[in-house]
Amino acid sequence: MKFLHVVGARPNFMKAAPVYRSLARIGHEQVMVHTGQHYDALMSDVFFKALEIPNPDESLNVGSGSHAQQTAAIMSKFEPVVLARQPDTVLVYGDVNSTVAATLVCAKLGIRVAHVEAGLRSYDRTMPEEINRLVTDQLADMLFTPSSDGDENLAREGVAKEKIFLVGNVMIDTLVRFLPQAEQIFPELKEKLSLDGYGLVTLHRPSNVDDGATFLPMLDALSELSRELPLVFPVHPRTSQRWAAELEQAGSGLRVIEPLGYLEFLALQQHAKVVITDSGGIQEETTYLGTPCLTLRENTERPITITDGTNMLIGRDWEKLREGFRAALNGSRARKEPPPLWDGKAAERISAILSRPIH
Ligand code: UD1
């Protein structure tokens with residue numbers, strides 16, 4: 001059979017990698033399409049190398065733009081590619097604009113779409129990713145969910161049971177595979193960044209970083225905490241472009257650096273005393289690693305990281321942030337078993353299902 005993968009933004013790469021590898025082992029024909037939503041070397045190229053996946057067969061080079069512009073550009077550039085390549089199934093990942101754009105194209109052409117990481121819901125439609133999830137899951141033919149809350153959300157939206165497959169978390173497949181390599185590079189990284197004990201910060205959501213009235217108090221709160229424990233802050237281009245001067249002036253405990261590669265970031269997550277983030281994937285990775293995670297959002301589409309993991313929602317409550325931070329430093333939040341099916345084998349389950357004959 002022939003499978004076409006659509007990737008575009010940083011979090012897609014670690015989800016597609018294990019599925020690609022697993023389908024290759026079975027001997028299926030595959031095509032990798034990179035939309036170019038993320039294009040900086042540090043946001044894209046370094047991941048293909050680190051994750052040991054072949055370079056894209058097709059690059060659409062769409063670049064940045066408003067949501068409408070970016071989604072439309074992906075759609076119009078992807079349509080001729082998918083028509084020329086004639087795959088049996090198109091695989092889309094996560095909740096980024098590339099995911100929804102490719103799904104819309106395939107749905108109209110009658111090409112089978114499989115959504116990996118389906119069913120997650122924050123129930124917050126002000127998040128662009130929530131719109132992408134809702135549309136993608138309504139249109140996809142096969143929905144691979146990472147946890148049972150995904151199945152429940154899809155059932156509530158009227159998605160037929162036969163389309164839903166609870167397979168586990170592909171991002172954790174990648175983590176399990178690469179953790180030994182991350183461990184190997186940690187000593188050198190620690191020395192390079194002159195780190196002893198430290199916390200790790202990432203922030204890139206528009207709702208947190210686009211508006212100074214929100215971002216600047218957040219930066220102040222982080223600067224304050226960084227006096228107790230150095231905080232390493234690899235900055236997403238969205239955040240650094242907007243706040244270059246403010247980031248430079250932030251307290252010296254806040255170690256502002258460029259985006260890191262996959263292995264480097266994984267190594268830092270594994271050894272951090274605490275992670276402060278607004279990313280979705282990092283809530284999952286810290287849950288698996290047992291690292292306390294303080295999420296600077298009011299809601300999460302990954303509630304299992306709270307019920308079964310190490311995640312705590314902070315919103316913009318700085319007192320709660322201080323409390324969570326101190327609790328993490330005191331080690332008072334015990335490590336739990338990872339959620340069911342977060343076992344490094346989700347991609348194998350997906351490939352087995354995709355290899356069944358199409359009716
Ligand atoms: C996108 C995803 C988000 C995901 C995040 C991971 C959507 C709606 N959002 O957000 O779900 O968590 O990726 O990083 O798909 N930029 C660069 N170089 C790049 C990429 C982006 O400089 O390689 C800058 C551009 O100024 C761009 C901005 O970052 O306008 C935002 O990029 P965009 O792809 O629109 O969304 P992200 O914020 O990265």
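From a predicted model like this one, the values you see are computed outputs, not experimental measurements. Every number for a ligand or one of its atoms is a count from 1 in the order of the listing.
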A.B. asks: Hydrogens and angles aside, do Ser98 and Tyr93 bring a side-chain donor and acceptor to less than 3.5 Å of each other?
C.D. replies: no

A.B. asks: Can you see whether Thr103 engages His115 through a side-chain donor-acceptor pair at a distance of less than 3.5 angstrom?
C.D. replies: no

A.B. asks: Can you name the residues that come within less than 4.0 Å of ligand 1, going by heavy atoms only?
C.D. replies: Ala9, Pro11, Gln37, His38, Tyr39, Asp40, Met43, Ser64, His67, Gln70, Asp95, Val96, Asn97, Glu129, Asn132, His204, Arg205, His236, Pro237, Arg238, Gln241

A.B. asks: Pairs in or reaching into residues 254-277: which pass salt bridge (charged side-chain N to carboxylate O under 4.0 Å, His left out), with residues at least two apart or in two chains?
C.D. replies: none

A.B. asks: Could I get the full list of side chain to side chain contact (heavy atoms under 4.5 Å, CB included) partners for Thr300, not counting sequence neighbours?
C.D. replies: Gln283, Arg302, Ile306, Leu313

A.B. asks: Sort and list the pairs that fulfil side-chain hydrogen bond (donor to acceptor under 3.5 Å, both in side chains) and have at least one residue in residues 53-63, not counting sequence neighbours.
C.D. replies: Glu58-Arg85

A.B. asks: How about Asn132 and Thr99: does a side-chain donor come under 3.5 Å of a side-chain acceptor?
C.D. replies: no

